[in-house]
Asker: 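Mind looking over this structure? Questions follow.
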Amino acid sequence: VQLQAYGGGLVQAGDSLRLSCAASGRTFSTYNMGWFRQAPGKEREFVAAISWSGSRTDYPDSVQGRFAISRDNDKNTVYLQMNNLKPEDTAVYYCAANRRLYTTISRNYEYWGQGTQVTISS
């Protein structure tokens, strides 16, 4: 599966953004999906995950209650709604897919998109 993330940009603290990740292929609905981010000089970190059916989601404490992951299997797309953005949310955001298991660990994901830059000004 090929992934393309988009929707990033420059916004002010407190604003919202919605990222999208479009997937190719007819088997998107069988993939568990995740969002990760990487800020300059930092390691890639988990942001959100959603199971293939959409019945399960997970978030780290840093974004819990502010971010929401969802998917539309008819459109082969996964979304990340980000509200009340903070300067510390600034990073390149990546979407990822894997079919084998539901996971929040980046090394378990098989396919990655190219990333989209999100910058939050204070």
Side-chain angles (χ1 to χ4, degrees):
V1 63
Q2 292 184 320
L3 305 173
Q4 184 167 0
Y6 57 96
L10 171 63
V11 299
Q12 293 184 332
D15 286 351
S16 297
L17 273 177
R18 188 176 80 158
L19 305 183
S20 300
C21 175
S24 63
R26 294 181 290 179
T27 60
F28 173 76
S29 62
T30 66
Y31 283 84
N32 301 294
M33 301 297 295
W35 285 97
F36 295 81
R37 67 186 182 188
Q38 188 165 20
K42 296 187 177 181
E43 293 188 353
R44 187 171 296 185
E45 65 171 335
F46 166 68
V47 175
I50 188 167
S51 61
W52 62 270
S53 66
S55 62
R56 181 177 176 179
T57 59
D58 280 279
Y59 309 90
D61 289 344
S62 58
V63 307
Q64 180 75 47
R66 299 189 298 122
F67 290 12
I69 188 171
S70 61
R71 66 189 297 158
D72 186 335
N73 286 341
D74 290 336
K75 295 182 177 180
N76 281 13
T77 302
V78 63
Y79 305 97
L80 183 68
Q81 178 67 44
M82 306 185 295
N83 299 325
N84 190 22
L85 284 161
K86 304 176 181 181
E88 52 263 42
D89 295 319
T90 295
V92 177
Y93 283 70
Y94 299 89
C95 59
N98 95 88
R99 185 182 285 176
R100 294 172 299 168
L101 73 165
Y102 178 77
T103 179
T104 63
I105 301 174
S106 61
R107 66 174 179 269
N108 291 328
Y109 281 83
E110 303 165 281
Y111 304 98
W112 291 83
Q114 85 287 2
T116 184
Q117 177 71 46
V118 173
T119 304
I120 314 303
S121 64
S122 57

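These numbers come from a predicted model, not from an experiment.
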Asker: Indicate the ring-plane relationship of Phe36 and Trp112, choosing parallel, tilted or perpendicular according to the 30° and 60° boundaries.
Answerer: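 Tilted, since the angle between the ring planes falls between 30° and 60°.
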Asker: Check whether any side-chain N or O of Ser29 sits under 3.5 Å from a backbone N or O of Asn73 as a donor-acceptor pair, and report yes or no.
Answerer: no
Asker: Any chance you could measure Arg71, atom CZ, to Thr57, atom OG1, to the nearest 0.5 Å?
Answerer: 12.0 Å
Asker: Verify, without hydrogens or angle tests, whether Ser55 (side chain) and Ser53 (backbone) share a donor-acceptor contact under 3.5 angstrom.
Answerer: no
Asker: Might you point out which heavy atoms bring Gln81 and Ser16 nearest each other, and give the distance in Å?
Answerer: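 It is NE2-CB, 3.9 Å.
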Asker: Would you say that Arg99 contacts Thr27 through its side chain, given a criterion of any heavy-atom pair below 4.5 Å between the two side chains?
Answerer: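 A side-chain contact under 4.5 Å exists here.
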Asker: Please check if Leu3 and Val118 belong to a single hydrophobic cluster, counting links between Ile, Leu, Val, Met, Phe, Trp and Tyr side chain heavy atoms closer than 4.5 Å.
Answerer: yes
Asker: Would you indicate whether the side-chain heavy atoms of Gln117 and Thr90 approach each other to under 4.5 Å?
Answerer: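 Counting from C-beta outward, Thr90 and Gln117 do come under 4.5 Å.
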Asker: Can you find a pair of side-chain heavy atoms, one from Leu17 and one from Phe67, that are under 4.5 Å apart?
Answerer: no
Asker: Looking at side-chain heavy atoms only, is the closest gap between Met82 and Val47 below 4.5 Å?
Answerer: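 No; the side chains remain at least 4.5 Å from each other.
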Asker: Could you state the interatomic distance from OG (Ser122) to CD (Glu88), rounded to the nearest 0.5 Å?
Answerer: 10.0 Å
Asker: Is Arg37 close to Asp89 at the side-chain level, that is, under 4.5 Å between some pair of heavy atoms?
Answerer: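 Heavy-atom side-chain distance check passes, below 4.5 Å.
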Asker: Donor-acceptor pair, Tyr109 side chain versus Thr103 backbone, under 3.5 Å?
Answerer: yes
Asker: If only side-chain N and O atoms count, and only distance matters, is there a donor-acceptor pair under 3.5 Å linking Asp58 with Tyr102?
Answerer: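 Per modelled atom types, Tyr102 and Asp58 side chains form a pair under 3.5 Å.
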Asker: How long is the straight-line distance from CG of Leu101 back to CH2 of Trp52, given to the nearest 0.5 Å?
Answerer: 14.5 Å
Asker: Quick check for you: to the nearest 0.5 Å, what is the distance between Asn98 atom CG and Tyr111 atom OH?
Answerer: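 So the CG of Asn98 and the OH of Tyr111 are separated by 9.5 Å.
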